[in-house]
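Worksheet for the structure shown next.
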Amino acid sequence: MPEVVTAPKRRSGRTAHGRRRVRSALALAALELFAAQGFEATTVDQIADAAGVGRRTFFRYFRSKEDVVFPGHDERLAEVVELLEGADPAADPLVVLGRTAEVVLEMYLVEPEVSLKRFELTREVPSLRDKEIASIDRYQRVFARYLRERYAGEPGGDLRAAVAAAAVVAAHNHVLRQWLKSGGALDAKRLLREAIEQVTEALSGRRSTVEPSVVEGENVVVGVVRTSAPTGVVLKQLEDALRELR
């Protein structure tokens with residue numbers, strides 16, 4: 001009779017911690033192997049062996065070696081959805097998004113070694129870069145959905161929601177990229193709060209009172225676009241401007 005394999009039950013915080021530890025060990029082992037011998041040349045068996053677990057244990061945590069590069073994203077996305085659904089309906093929606101963006105950022109900060117190794121890998125493997133972009137898009141869609149509900153009934157509410165969600169995600173990604181480029185040395189949480197405040201003030205039409213923290217050697221882009229322009233046009237202009245700086 002074949003053995004039936006079931007996922008381990010979450011009986012306590014200690015068990016959850018153990019799962020995170022195993023998942024992190026698998027991710028680190030995979031990233032080190034990818035760096036040493038290449039992504040395509042590395043097998044799941046090699047990753048499991050390097051992490052000190054069996055092949056079947058690997059597949060309890062990840063569906064493929066591509067997924068091991070992005071540990072915890074599904075859980076964090078579910079947490080983000082829960083936070084937004086439970087947010088105070090009287091609170092400023094952009095403030096809510098800013099706090100939620102900090103939760104997403106924390107996922108990278110709590111495992112700096114994994115984040116830094118992944119950053120180097122995704123710059124070299126196009127398929128992983130595409131997967132990362134798709135992951136970012138999932139957060140943006142969740143943010144936009146929340147804002148559409150908050151702006152429901154307002155003139156231009158859907159457009160405002162799409163632009164605001166894209167702006168918050170762009171601010172988060174900008175800060176994360178600077179933190180990664182610094183090798184994890186920057187105070188990313190402070191920089192994100194400043195960036196979100198600038199976004200909030202810009203979208204509300206008020207002049208920002210925050211002096212942004214500029215990293216040495218960092219370029220600053222100031223964009224002027226028509227508010228009546230389609231969302232896709234606005235985002236493309238921003239993306240083109242940022243791409244020229246990379």
Side-chain angles (χ1 to χ4, degrees), residues 16-53 55 57-80 100-143 168-189 191-192 195 215 217-218 239 242-243 245-246:
H17 175 74
R19 287 179 58 82
R20 286 193 297 269
R21 181 178 55 79
V22 174
R23 186 177 62 198
S24 181
L26 283 165
L28 269 177
L31 291 169
E32 289 172 356
L33 285 170
F34 295 155
Q37 60 190 35
F39 177 75
E40 296 298 336
T42 301
T43 67
V44 167
D45 288 332
Q46 290 173 329
I47 295 171
D49 185 62
V53 301
R55 176 185 177 88
T57 297
F58 176 94
F59 285 112
R60 287 191 185 121
Y61 290 86
F62 303 105
R63 290 167 294 188
S64 66
K65 67 178 183 180
E66 286 82 4
D67 287 338
V68 78
V69 179
F70 304 96
H73 270 283
D74 288 344
E75 291 180 8
R76 189 51 52 96
L77 184 64
E79 183 179 349
V80 164
T100 307
E102 290 187 33
V103 172
V104 179
L105 181 66
E106 184 66 20
M107 176 178 64
Y108 295 89
L109 303 186
V110 295
E111 293 185 321
E113 191 173 1
V114 171
S115 298
L116 292 170
K117 288 181 181 295
R118 177 173 54 227
F119 177 59
E120 294 299 325
L121 182 64
T122 53
R123 296 169 75 180
E124 299 173 0
V125 182
S127 63
L128 294 180
R129 176 59 179 163
D130 291 343
K131 190 175 181 66
E132 183 177 46
I133 292 173
S135 176
I136 292 170
D137 183 63
R138 293 170 70 193
Y139 288 107
Q140 185 167 321
R141 283 187 280 119
V142 167
F143 284 3
V168 170
V169 170
H172 170 276
N173 293 344
H174 175 75
V175 169
L176 175 60
R177 187 161 48 247
Q178 294 304 314
W179 177 77
L180 290 167
K181 288 181 178 179
S182 75
L186 296 179
D187 185 350
K189 290 183 179 180
L191 292 175
L192 180 59
V215 180
E218 177 184 0
E239 291 172 354
L242 292 172
R243 191 176 295 111
L245 299 177
R246 293 176 183 172

CD1-CG distance between Ile133 and Leu128, expressed to the nearest 0.5 angstrom: 11.5 Å
Arg19 with Glu75: basic N within carboxylate O range, under 4.0 Å: no
Nearest-0.5 Å distance that lies between atom OG in Ser135 and atom CG in Asp130: 12.5 Å
Those residues that, when tested against Leu33, pass side chain to side chain contact (heavy atoms under 4.5 Å, CB included) (two or more places apart): Gln37, Thr42, Gln46, Ile47, Ala50
Minimum side-chain heavy-atom gap Thr57-Arg60 below 4.5 Å: yes
Show every donor-acceptor pair shorter than 3.5 Å between a side-chain atom in residues 102-113 and any protein atom, with sequence neighbours excluded, or say none if there are none.
| from | atom 1 | to | atom 2 | distance (Å) |
| --- | --- | --- | --- | --- |
| Glu102 | OE2 | Arg193 | NE | 3.3 |
| Glu106 | OE1 | Lys189 | NZ | 3.1 |
| Glu111 | OE2 | Ser24 | OG | 3.1 |

Worked check of side chain to side chain contact (heavy atoms under 4.5 Å, CB included) between Val22 and Tyr61: CA-CA 9 Å; Val22 174; Tyr61 290 86; 3.7 Å; yes
CG-CG distance between Leu186 and Leu176, expressed to the nearest 0.5 angstrom: 11.0 Å
Val68 to Ala30 - nearest heavy-atom pair and separation: CG1-CB, 3.5 Å
With sequence neighbours excluded, residues passing side chain to side chain contact (heavy atoms under 4.5 Å, CB included) with Asp74: Arg63, Arg138
Test item: Val80 and Phe143 side chains (from C-beta on) under 4.5 Å apart, heavy atoms: yes
Spatial distance of atom OG (Ser64) from atom CZ (Phe58) [nearest 0.5 Å]: 6.5 Å
Closest non-hydrogen atom pair between Ala101 and Val168, with its separation: CB-CG1, 4.2 Å
Side chain to side chain contact (heavy atoms under 4.5 Å, CB included) assessment of Tyr139 paired with Thr100: CA-CA 10 Å; Tyr139 288 107; Thr100 307; over 6 Å; no
Heavy-atom closest pair, residues Val175 and Ala195: CG2-CB, 4.0 Å
Throw together a table of side-chain donor-acceptor distances under 3.5 angstrom for residues 117-124, partners on residues two or more places apart or in other chains.
| from | atom 1 | to | atom 2 | distance (Å) |
| --- | --- | --- | --- | --- |
| Arg118 | NH1 | Val69 | O | 3.0 |
| Thr122 | OG1 | Arg118 | O | 3.0 |
| Thr122 | OG1 | Phe119 | O | 3.2 |

Salt bridge (charged side-chain N to carboxylate O under 4.0 Å, His left out) contacts in which one or both residues fall within residues 24-46, not counting sequence neighbours: Asp45-Arg55
Atom of Trp179, atom of Ala188 and distance for their closest heavy-atom approach: CD1-CB, 3.8 Å
Results of side chain to side chain contact (heavy atoms under 4.5 Å, CB included) for Ala25 - residues two or more places apart only: none
